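Working notes, structure below.
Keep in mind it's a predicted model, so treat the numbers as computed, not measured. Indexing begins at 1, ligand by ligand and atom by atom, following the structure's order.
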Amino acid sequence: MTDAGRILAEEIQREGPIPFRRFMEVALYHPKFGYYTRGKDPFGRAGDFYTAEQIQPVFGILMARYIRSLFDEMGGGTGVVVELGAGRQEMKLFLPDLEYIPIEAGKGAMPVRFSGVVFANEFFDALPVDVAVLRKGQYRQMLVDFDGSGFVWRDGSVVKPEVREYLHRFAAAEEEGCIREVHLESLAWVGKISAALEHGFLIVIDYGYTRRELVRFPRGTLMSYRRHVASEDVLQDPGERDITSHVLFTAIEEAAAAKGFHTAAFESLSRTLLRAGEADRFASVLEGVSESEQLRRRLQLKTLLFGMGETFRTLVLGRAQNKSGPDSPGPL
Ligand SMILES: C[S@@+](CC[C@H](N)C(=O)[O-])C[C@H]1O[C@@H](n2cnc3c(N)ncnc32)[C@H](O)[C@@H]1O
């Protein structure tokens with residue numbers, strides 16, 4: 001059994017079955033044994049998965065361009081870029097003229113009040129979620145139990161009011177047995193960003209769906225990754241594999257709108273990168289490097305524009321200058 005698994009099994013033996021959100025929290029973020037906190041690099045060829053952000057330098061050059069275009073929209077000049085779930089801090093190198101603040105699980109903090117850009121690549125999909133299942137017209141919380149040899153799912157009691165409210169808004173009129181993830185932590189992060197960001201943009205890049213697309217996932221979207229193999233069994237080997245839940249973009253968008261943000265863009269990642277690159281026909285990416293490096297970058301471009309870039313989406317939320325403080329809706 002993994003170390004995180006032992007901690008979870010002991011907790012379950014002591015207190016009974018636990019909400020999936022708690023399981024995911026320990027599996028990914030236990031201070032010593034969590035997948036992201038145990039000190040082992042999960043990314044790249046020797047790790048478990050690649051993110052688009054790790055396709056460097058092409059991702060960094062184009063995304064930095066896009067971020068600069070947002071600063072231009074804000075009136076130019078320099079400012080702060082806060083990266084949520086910064087991982088290897090891949091964007092730092094490409095933003096030398098801006099103040100770059102990385103925030104990682106348990107490390108770093110958002111400035112109290114600032115103007116600039118909050119950048120989140122595959123951050124929201126890594127936040128712990130509750131899971132609910134529809135039984136006889138009522139959503140029940142899905143719990144994790146330990147049966148002596150492994151972790152198993154159990155139906156729990158009817159969901160709490162805040163979970164019910166979320167499901168009512170985003171997963172109404174579903175079929176019996178339908179499984180839904182509930183992203184309350186994502187909404188809490190929108191609140192934190194809103195409380196701090198006076199003027200600027202939030203860029204969310206992730207895979208996910210809108211409220212209308214939800215019907216495509218009747219069994220939910222939880223996935224786990226280990227050594228580049230995806231599995232739907234997210235209860236296996238806690239602490240040694242990544243666990244993700246697709247982002248519900250509509251929930252983030254509506255929570256931000258309620259705080260005075262407007263949607264500046266919602267498109268495929270390839271579209272965002274294409275727009276950033278087409279201004280100089282990708283010269284900033286392809287010129288002034290050796291032939292072999294150019295070939296490498298062309299392959300990266302191909303992956304970002306036609307592969308991963310089609311799967312991932314960019315949601316950009318903007319907040320205009322707000323004289324009365326970050327958390328009251330500004331003039332849009
Ligand atoms: C899938 S990784 C993405 C890393 C990087 N952005 C990239 O695309 O390569 C998700 C990251 O979010 C971080 N993370 C999760 N919860 C967090 C939290 N509450 N505060 C800060 N970072 C968090 C994880 O530790 C992990 O580094």
The atoms of ligand 1 lying under 4.0 Å from a heavy atom of Leu127, numbered in the order shown, are 16 (N)
Check: Can a non-hydrogen atom of Ile103 be found less than 4.0 Å from any atom of ligand 1?
Finding: yes
Exercise. Using 30° and 60° as the class limits, which term best fits the ring planes of Phe23 and Phe151: parallel, tilted or perpendicular?
Worked result: perpendicular
heavy-atom search around atom 25 (O) of ligand 1 in the protein gives Glu104 OE1, 2.6 Å
Among non-hydrogen protein atoms, atom 10 (C) of ligand 1 lies closest to Glu122 O, 3.1 Å
For atom 22 (N) of ligand 1, the closest protein heavy atom turns out to be Ala105 N, 3.0 Å
Check whether any side-chain heavy atom of Leu301 lies under 4.5 Å from a side-chain heavy atom of Leu62, and answer yes or no. yes
- Message: Tell me whether Gln54 has any N or O atom under 3.5 angstrom from an N or O of ligand 1.
- Response: yes
the protein heavy atom lying closest to atom 9 (O) of ligand 1 turns out to be Thr51 OG1, 2.7 Å
Looking only at protein heavy atoms, what sits closest to atom 8 (O) of ligand 1 is Asn121 ND2, 2.7 Å
- Query: What is the ring orientation for Phe201 with His262, classed by angle as parallel under 30°, tilted 30 to 60°, or perpendicular over 60°?
  - Reply: perpendicular
for atom 19 (N) of ligand 1, nearest protein heavy atom and its distance come out as Trp189 CZ2, 3.6 Å
Check: Would you say Gly106 has any N or O atom under 3.5 Å from an N or O of ligand 1, going by distance alone?
Finding: no
For atom 6 (N) of ligand 1, the closest protein heavy atom turns out to be Gly85 O, 2.7 Å
Worksheet entry | Backbone or side-chain N or O of Glu53 under 3.5 Å from ligand 1 N or O | yes
If you take the centroid of each ring, where Trp contributes its six-membered ring, are His183 and Phe124 closer together than 6.0 Å? no
the protein heavy atom lying closest to atom 18 (C) of ligand 1 turns out to be Phe123 CE1, 3.8 Å
Of Arg140, Lys136, Arg135, the one forming a salt bridge (charged side-chain N to carboxylate O under 4.0 Å, His left out) with Asp155 is Arg135
Salt bridge (Lys or Arg N to Asp or Glu O under 4.0 Å) filter on Arg6, not counting sequence neighbours, yields Asp3
For this session: Measure the acute angle between the ring planes of Tyr209 and Phe217, then classify it against the limits of 30° and 60° as parallel, tilted or perpendicular.
Result: tilted
